[in-house]
2 protein chains.
Amino acid sequence: MATPRFDIIGQAIADASRTRMLCELMEGRAFTNKELASAAGVTPQTASAHLRLLQDAGLVVAEKRGRCVFHRLSGPEVAHTLEQLAAIAPMDSLYRAQRRKAGGLAEVRSCYDHLAGPLAVALADALIARGHLREEAGGFHPVAGAVWAGLGVTVPEHVGRTPFARPCMDWTERRLHIAGPMGRQILTHALEAGWLRRPVRGRGLEVTAPGHRALHEMLGLGGVLARGTTSKSCEEA
Amino acid sequence: MATPRFDIIGQAIADASRTRMLCELMEGRAFTNKELASAAGVTPQTASAHLRLLQDAGLVVAEKRGRCVFHRLSGPEVAHTLEQLAAIAPMDSLYRAQRRKAGGLAEVRSCYDHLAGPLAVALADALIARGHLREEAGGFHPVAGAVWAGLGVTVPEHVGRTPFARPCMDWTERRLHIAGPMGRQILTHALEAGWLRRPVRGRGLEVTAPGHRALHEMLGLGGVLARGTTSKSCEEA
DNA sequence: CAAAGGCTTCGCCCCGCACCGAAGTCTTTG
DNA sequence: CAAAGACTTCGGTGCGGGGCGAAGCCTTTG
């Protein structure tokens, strides 16, 4: 039988520098060579070679704008597959300690096109606990209600073939949160409504004061948000 | 943020020899060092080193029985993730030519614990076309009926949290077939009923004469089975 | 046009590892 | 106990590729 060439993908993700770049890119935004080089802790020329390799493997696409080259993941399938991969990969040993230090829902981030991290997990949990979301046959199914409008989600009339609220395994929490069209709508709305914003400096997302209020009033998430009100820096050695 | 160490997984699948071993192991059975060495085209001592690495990465577990050591994938998540990976990986260029030569549903194989390959895809298609299976919200949902008993499937009363009939992307067909508990039941029943059997020599599965009859009578799959009645050899350079 | 900034190409070093042959360990078989 | 078989360990070789400095290309800015 013809073997699938996943050794090419393996080759691409076999290096720690490239892994760090991919983690950065998982956020969904496009990054320049320089940014990714600094994230990986290597010089620009080394990063350039890495990005070329990732491009050849089909994981990343580049777009030239002016004198800058922007790199981003080539598609949602790639982000999804990497998430899946991370779920079976051993976690960096520093993780637990760092997480405790950060505390609560401090770490808020996006995963390609939807919200991820502790807040996203808590959000999904709250929606399930309050009966707005059912977990069934490996999928999330929204129950008609007022919350959805409040979260900026328009629930489709009929269930289609593709999942509207796809469960996504969070690679740090190892628990499910909401991806798919619904996840995208929630993140888009949260940014547009000013609940979240991208910090000027550093990665991740910040929960604003109105964001706190909205999440507390709609889902009682105030308590969980108490300990960490801002995105922690994601930097490490 | 602590990065997930999927570079460890990447390292493990970055080599073509290990990829070939993993493809072999995807069948779901346990293999000896020697068998995997021959599948990868390397000497036993090289295979030994590879398997040690795969073990350290957590993809494979070894079990010693007598003077033989049997290796198998460490779990369904691994098989599932590898499938997913294969779906975004470029396919070996030899594939199309080989597939044409083989023709029809000649290539029948198992994917960890369920049926895969063209036959599995055709099976899922037929079940959907005849209204026995609905594709909805990213999942397969069985409709109560007589076919299920005929296929050796007991449909659960209530839908649970975990999927009963999980869609699985076939890495050669790039189309969906049935995995999850239902997939396992179908394969188990097909083997017990003598519809399929493992060939004495070589890999894959063979469709027996009773198997042909059953698939034809229940799902009209006779036509598709016509061109290839036996498992083709999966050997290549 | 010159200078500056972002990126890539080139050349080089060096580490890691895939590979095999030979030898060693352990188990089964005669 | 000796022989055979399956696997592993060890030693050595050669290739691939990650890393950086220096130089070159292209675009923007003064």
Side-chain angles (χ1 to χ4, degrees), chain A residues 3 5-25 29-74 236-237, chain B residues 3 5-25 29-74 236-237:
Chain A
T3 58
R5 296 300 309 276
F6 51 37
D7 53 318
I8 292 179
I9 308 278
Q11 189 68 252
I13 61 175
D15 181 82
S17 298
R18 285 194 290 271
T19 297
R20 284 191 286 267
M21 290 182 180
L22 286 172
C23 285
E24 201 72 9
L25 289 163
R29 282 167 44 212
F31 292 84
T32 65
N33 184 0
K34 203 178 180 181
E35 289 172 317
L36 293 170
S38 120
V42 294
T43 58
Q45 59 269 37
T46 303
S48 187
H50 283 313
L51 285 164
R52 182 190 193 78
L53 211 156
L54 289 173
Q55 220 171 311
D56 289 347
L59 299 181
V60 162
V61 290
E63 186 188 345
K64 191 162 183 173
R65 277 209 301 265
R67 61 181 165 186
C68 291
V69 179
F70 287 89
H71 302 268
R72 58 182 173 76
L73 293 187
S74 59
E236 69 179 4
Chain B
T3 57
R5 298 299 310 275
F6 51 37
D7 54 319
I8 293 178
I9 309 277
Q11 188 67 254
I13 61 174
D15 181 82
S17 298
R18 284 193 291 271
T19 297
R20 286 191 284 267
M21 289 182 180
L22 285 172
C23 285
E24 201 73 8
L25 289 163
R29 283 166 44 211
F31 292 84
T32 65
N33 184 2
K34 203 179 179 182
E35 288 172 318
L36 293 171
S38 120
V42 293
T43 58
Q45 58 268 39
T46 302
S48 187
H50 283 314
L51 284 165
R52 181 190 194 79
L53 210 155
L54 289 173
Q55 220 172 311
D56 290 346
L59 299 182
V60 162
V61 290
E63 188 188 345
K64 192 163 181 172
R65 277 210 300 266
R67 63 181 163 186
C68 291
V69 180
F70 287 89
H71 303 268
R72 57 180 174 79
L73 293 187
S74 59
E236 69 181 4

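Everything quoted here is computed from the prediction, not taken from an experiment. Proteins come first, then strands; the chains are lettered A, B, ... in the order of their sequence lines, and each starts at number 1.
For the pair Arg52(A) and dT9(C), the criterion of a side-chain N or O lying under 4.0 Å from OP1 or OP2 is met. A sub-4.0 Å separation between OP1 or OP2 of dG18(D) and a side-chain N or O of Thr46(A) is absent. Here Ser48(B) does not reach the OP1 or OP2 of dC7(D): none of its side-chain N or O atoms lies under 4.0 Å away. Close to dC19(C), at under 4.0 Å from its OP1 or OP2, lies no side-chain N or O of Thr43(B).
Residue order along DNA chain D, read from the 5' end via each residue's closest nucleotide, puts Arg67(B) first among Arg67(B) and His50(A). Between Gln45(B) and Ser17(A), the residue anchored nearer the 5' end of DNA chain D, judged by the nucleotide with its closest heavy atom, is Gln45(B).
Straight-line distance from the NE2 atom of His71(A) to the C1' atom of dC7(C): 8 Å, rounded to whole Å. Distance Gln55(A) CD to dC7(C) P: 13 Å, rounded to the nearest Å. Distance CG (Leu51(B)) to P (dT8(D)): 7 Å, rounded to an integer number of Å. The nearest whole Å value for the distance from the CG atom in Asn33(B) to the P atom in dT27(C) is 17 Å. For Asp56(B) and dG16(C), the CG to P distance is 16 Å, given to the nearest whole Å. The CD-P distance, from Gln11(A) to dG16(D), rounds to 11 Å in whole Å. When the C1' atom of dA18(C) is taken as reference, atom CE of Met21(B) falls 11 Å away, rounded to whole Å. Separating the CG atom of Asp15(B) from the P atom of dG16(C) is a distance of 17 Å, rounded to the nearest angstrom.
Rounding to the nearest 0.5 angstrom, the gap separating the CG atom in Leu53(A) from the CZ atom in Arg18(A) is 4.5 Å.
Contact between Ala57(B) and Ala12(B) at its shortest, heavy atoms only, is CB-CB, 3.7 Å. Residues Asp7(B) and Ala16(A) share a closest heavy-atom pair of OD2-CB, 3.8 Å.
The nucleotide whose nearest atom lies closest to any side-chain atom of Val42(B) is, among dG6(C), dC20(C), dG18(D), dC20(C).
When heavy atoms are screened at a 4.0 angstrom cut-off, Arg65(A) is found touching no nucleic acid atom at all.
Side chains of Ile8(A) and Asp56(A) form no contact here, defined as non-hydrogen atoms less than 4.5 Å apart.
With hydrogens and angles disregarded, a donor-acceptor distance shorter than 3.5 Å links the side chain of Arg20(B) to the backbone of Ala40(B).
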